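First the structure, in the form of structure tokens, and then the observations on it.
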Protein chains: 2
Amino acid sequence: MASIKDVAKRANVSTATVSRVLRNTGNVTEETRQRVLEAIEALNYQPNVLGRYLRRMETETVLVVVPDITNPFFSKVLRGIEAVALKHGYQVLLGDTQNDARLEEQYLNVLPQRQVDGMIFLTARIRKELMEEMAEQFPIVLACEYLEGADIPTVSIDNISSARKATEHLIRLGHRRIAHLSGPMNIILSRDRLRGYYQALAQHEIEVDAALVQEGDFTYESGYNLTLKLLAFEKPPTAIFAANDEMAIGAVKAIRHRGGRVPDDVAVVGFDDIQMASIFEPSLTTIAQPMFEIGQKAMELLLRLIEGIDVERRQLVLPDRLVIRDSCGGGRSV
Amino acid sequence: MASIKDVAKRANVSTATVSRVLRNTGNVTEETRQRVLEAIEALNYQPNVLGRYLRRMETETVLVVVPDITNPFFSKVLRGIEAVALKHGYQVLLGDTQNDARLEEQYLNVLPQRQVDGMIFLTARIRKELMEEMAEQFPIVLACEYLEGADIPTVSIDNISSARKATEHLIRLGHRRIAHLSGPMNIILSRDRLRGYYQALAQHEIEVDAALVQEGDFTYESGYNLTLKLLAFEKPPTAIFAANDEMAIGAVKAIRHRGGRVPDDVAVVGFDDIQMASIFEPSLTTIAQPMFEIGQKAMELLLRLIEGIDVERRQLVLPDRLVIRDSCGGGRSV
DNA sequence: GATGGTGATGTAATCGATTACATAAGCGAG
DNA sequence: CTCGCTTATGTAATCGATTACATCACCATC
């Protein structure tokens, strides 16, 4: 394996000059530049990036921590991150925690170990103090989620208002017994969507029935099973607001499995607007999040942190919108 | 940021001893070990892995090149890779090519650059000679795909026989005008599935109608659009075999959009058995691939290559199976 | 008590690039 | 012609860990 020394020797220059040619910096005459390039070509030389990393103390790599890469929502956000990273010459290291909060904290360590220049969390179940301590010293961005009361750069939508919007839509359609399939309660985003749900009920003076709130885990299976449970109640809900589309699809399947029709017997609203939301039948009324854009903005924000550029707006709230389709009836179909 | 020197100074030992404690190698008395550990604790020291990488010339990182991370098939394979990697202390770098073959070749360069210890390709559109040249020098594994005539370690299923199996199922149900929605023809896997389709037709002496083979790109949209085209023929097909589930779902939607019923008017068979295949209605008859296991085996194979262990079986063909559901009628529902 | 072996620790080279600093050459202005 | 500035190039330190090799102390053996 040829090293920079071999190139230098062959081109009859010093390693410094070779490096200058490689990095396209400083002053090199066209003639020596050509000589160096020829040597590189002849030796089939590829610079060993580990030497560069150590010397420059940066790797042009960012770590993205995701709770579950098979979740289409996250993979779409990741795509946005990748797109911006690639454009700026950064690489993306993937950390799939498989929903294990302890793994999340472990991944934090790659920062002081200098393995990556910064990181983006698509999930935030890390202790606030720890996260704040790290975020002070290293570039960290939260995407999708935020940490209550912590001043950490964040890109997300307003989960409270969008959940309220979704619930209100059901209320407007005449529903009063509205169930909520929430995400895991140790995730802020889940709590926010629940809060928005409560706000909508309160605003329309609908009494809260605690049994109508069921905690799921964002999987199809949990949506399915919890809905079966809801339908077994003496007074089952006439509408279900699920905290994501996969659970909503699970809900629809469960309702049908019990012989019900959607939206005629039970209306369903989802969240995220993944591709399947419009393909599935009935197509899902849902809250559309700008997934790709969340990823893009998060990466752009991270880049600015890495480059030490002063970031004026550290918290970014992107617009979402209610997409009305067939799963809740009443509205027009899109 | 504390370095190993600081720890050495504080513990009153040499850096060599600190390193011995860190790596848990060589002979260190329990007493000095404790002293070193205390110093590490006190300084909140984290070893800078870049120094280690350079000296050891390995990064315990592997690169996975995937054509599209939002494709549930690939993300499931990736999960299998991740699981094994994590267990062995390896990290996973993600390279999403967004279906750009040129990017694929570019990613090959990270190997001589020493940035990763090995790589797994979930897609193989790289020139054979180039790939072979690299695979001779560095640990490379192909998952899902293989390269014709090249002796590169590979984990996959037998796409020809499984496509034949799927097509034969349709023939057994009485279909004679069977269309095939193929994947991109520059991918071997697509060509293999097409070949299996042809083999089944030939075996049952069904004449091939070239117009019934339409080249898609594995996306829902292409499945939808190509099916609309097929349905516009004077003699439209009575069955469609799609090269993956997403195109199959697109086909179903297109058929319905034209007022047809599945499977009554047109039968549909997919490929992969992604989660949505069983959720979607009608549930899809499809070829189930062991996605997670493909990832696992590929990573295990790669690990052995990295560690220089002689690999006896370089080509691994995993079993697939035909899952019969509702989208093609006739069979029992699962 | 000399010899050799073992275990604990230190010294310093090493990995491969980058870059601060030194040096030399070339050129224009006075 | 000389001074000073610019440009091109070289020398060598540096990044932080790992590790080959050296050293020393201690103990057992004959």
Side-chain angles (χ1 to χ4, degrees), chain A residues 1-40 43-61 89 109-117 138, chain B residues 1-40 43-61 89 109-117 138:
Chain A
M1 204 87 251
S3 85
I4 197 169
K5 280 187 194 165
D6 304 315
V7 176
K9 203 174 294 173
R10 192 172 221 275
N12 236 323
V13 295
S14 70
T15 61
T17 301
V18 176
S19 178
R20 279 189 270 261
V21 171
L22 282 175
R23 314 212 68 233
N24 233 329
T25 153
N27 312 310
V28 182
T29 39
E30 186 54 28
E31 192 220 320
T32 44
R33 209 178 81 88
Q34 281 308 325
R35 245 191 10 256
V36 170
L37 289 179
E38 273 165 31
I40 287 176
L43 295 171
N44 200 9
Y45 167 74
Q46 291 272 5
N48 179 324
V49 294
L50 301 183
R52 173 184 304 169
Y53 287 173
L54 177 59
R55 175 62 222 242
R56 310 202 70 203
M57 208 51 80
E58 60 182 33
T59 59
E60 295 187 319
T61 303
N109 283 332
V110 306
L111 282 169
Q113 287 171 190
R114 294 288 168 187
Q115 194 163 161
V116 297
D117 296 346
F138 304 101
Chain B
M1 203 89 248
S3 85
I4 198 170
K5 279 187 195 165
D6 303 315
V7 176
K9 202 174 293 172
R10 193 174 220 275
N12 235 324
V13 296
S14 71
T15 61
T17 301
V18 176
S19 178
R20 280 188 269 260
V21 171
L22 281 176
R23 312 213 71 232
N24 232 330
T25 155
N27 311 311
V28 181
T29 39
E30 185 53 28
E31 193 220 318
T32 44
R33 210 179 80 87
Q34 281 308 327
R35 236 178 34 242
V36 170
L37 288 179
E38 272 165 33
I40 288 175
L43 295 170
N44 201 10
Y45 167 74
Q46 292 271 7
N48 180 325
V49 294
L50 301 182
R52 172 183 305 169
Y53 287 171
L54 177 59
R55 176 62 222 242
R56 310 203 69 203
M57 209 50 82
E58 61 184 32
T59 58
E60 296 188 316
T61 303
N109 283 332
V110 306
L111 281 169
Q113 291 175 358
R114 295 288 170 186
Q115 194 162 164
V116 297
D117 297 345
F138 304 100

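Just so we're on the same page: letters track the sequence lines, and every chain starts at 1. None of the values given here were measured: they were computed from a predicted structure.
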Take atom [atom1] of [X] and atom [atom2] of [N], then tell me their distance rounded to the nearest Å.
X: B/Gln34; N: C/dA8; atom1: CD; atom2: P; answer: 15 Å
X: B/Ile4; N: C/dT9; atom1: CD1; atom2: C1'; answer: 14 Å
X: B/Arg56; N: D/dC15; atom1: CZ; atom2: P; answer: 22 Å
X: A/Lys5; N: D/dG10; atom1: NZ; atom2: C1'; answer: 15 Å
X: B/Arg20; N: D/dC21; atom1: CZ; atom2: C1'; answer: 11 Å
X: A/Glu58; N: D/dG16; atom1: CD; atom2: P; answer: 14 Å
X: A/Leu43; N: C/dG16; atom1: CG; atom2: C1'; answer: 15 Å
X: A/Arg35; N: D/dG10; atom1: CZ; atom2: P; answer: 8 Å

inquiry  = A quick test of your reading: do over 12 heavy atoms of other residues, nucleotides or ligands sit less than 6.0 Å from CD of A/Glu31?
reply    =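 Result for CD/A/Glu31: open.
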
Can you tell if the side chain of A/Val21 reaches within under 4.5 Å of the side chain of A/Thr32, non-hydrogen atoms only?
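A/Val21 does not reach A/Thr32 side chain to side chain.
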
Exercise. Measure the shortest side-chain to side-chain distance between A/Arg20 and A/Val36 over non-hydrogen atoms and say whether it is less than 4.5 angstrom.
Key: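 No; the side chains remain at least 4.5 Å from each other.
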
For [X], which contact category applies under a 4.0 Å heavy-atom criterion: base, sugar-phosphate, or nothing?
X: A/Thr15; answer: base
X: B/Asn12; answer: sugar-phosphate
X: A/Thr29; answer: sugar-phosphate
X: A/Asn48; answer: sugar-phosphate
X: B/Ser3; answer: sugar-phosphate
X: A/Arg23; answer: sugar-phosphate
X: A/Leu54; answer: base
X: A/Val13; answer: sugar-phosphate

Report the residue (B/Thr17 or B/Gly51) whose heavy-atom-nearest nucleotide on DNA chain C is the more 5′ of the two.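 So the residue in question is B/Thr17.
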
* To do: State which of D/dT18, C/dT18, C/dG10 makes the closest approach to the side chain of B/Ala16.
  =>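 Shortest atom-to-atom distance from the side chain points to C/dG10.
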
When you measure from the side-chain N and O atoms of B/Asn27 to the phosphate of C/dG7, is any distance below 4.0 Å, counting only OP1 and OP2?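 No, because none of the side-chain N or O atoms of B/Asn27 sits under 4.0 Å from OP1 or OP2 of C/dG7.
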
Using a cut-off of less than 4.0 Å, is there contact between a side-chain N or O of A/Tyr45 and OP1 or OP2 of C/dA17?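 Yes.
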
Is any side-chain N or O of A/Arg55 under 3.5 Å from a base N or O of D/dT14, one able to act as donor and the other as acceptor?
->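 Between D/dT14 and A/Arg55, which were checked side chain against base, a qualifying N/O pair under 3.5 Å is present.
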
- Message: For a side chain to side chain contact (heavy atoms under 4.5 Å, CB included) check, start with the C-alpha distance between A/Gln115 and B/Tyr53, then their side-chain angles and the critical distance, and finish with the verdict.
- Response: CA-CA 10 Å; A/Gln115 194 163 161; B/Tyr53 287 171; 3.0 Å; yes

Q: For A/Arg56 and A/Arg23, run side chain to side chain contact (heavy atoms under 4.5 Å, CB included): C-alpha distance rounded to whole Å, both residues' side-chain angles, the deciding distance at 0.1 Å, then the answer.
A: CA-CA 12 Å; A/Arg56 310 202 70 203; A/Arg23 314 212 68 233; 2.5 Å; yes

> Does the side chain of A/Gln34 come under 3.5 Å of the side chain of A/Glu38 through a donor N or O and an acceptor N or O?
Replying inline: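 No.
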
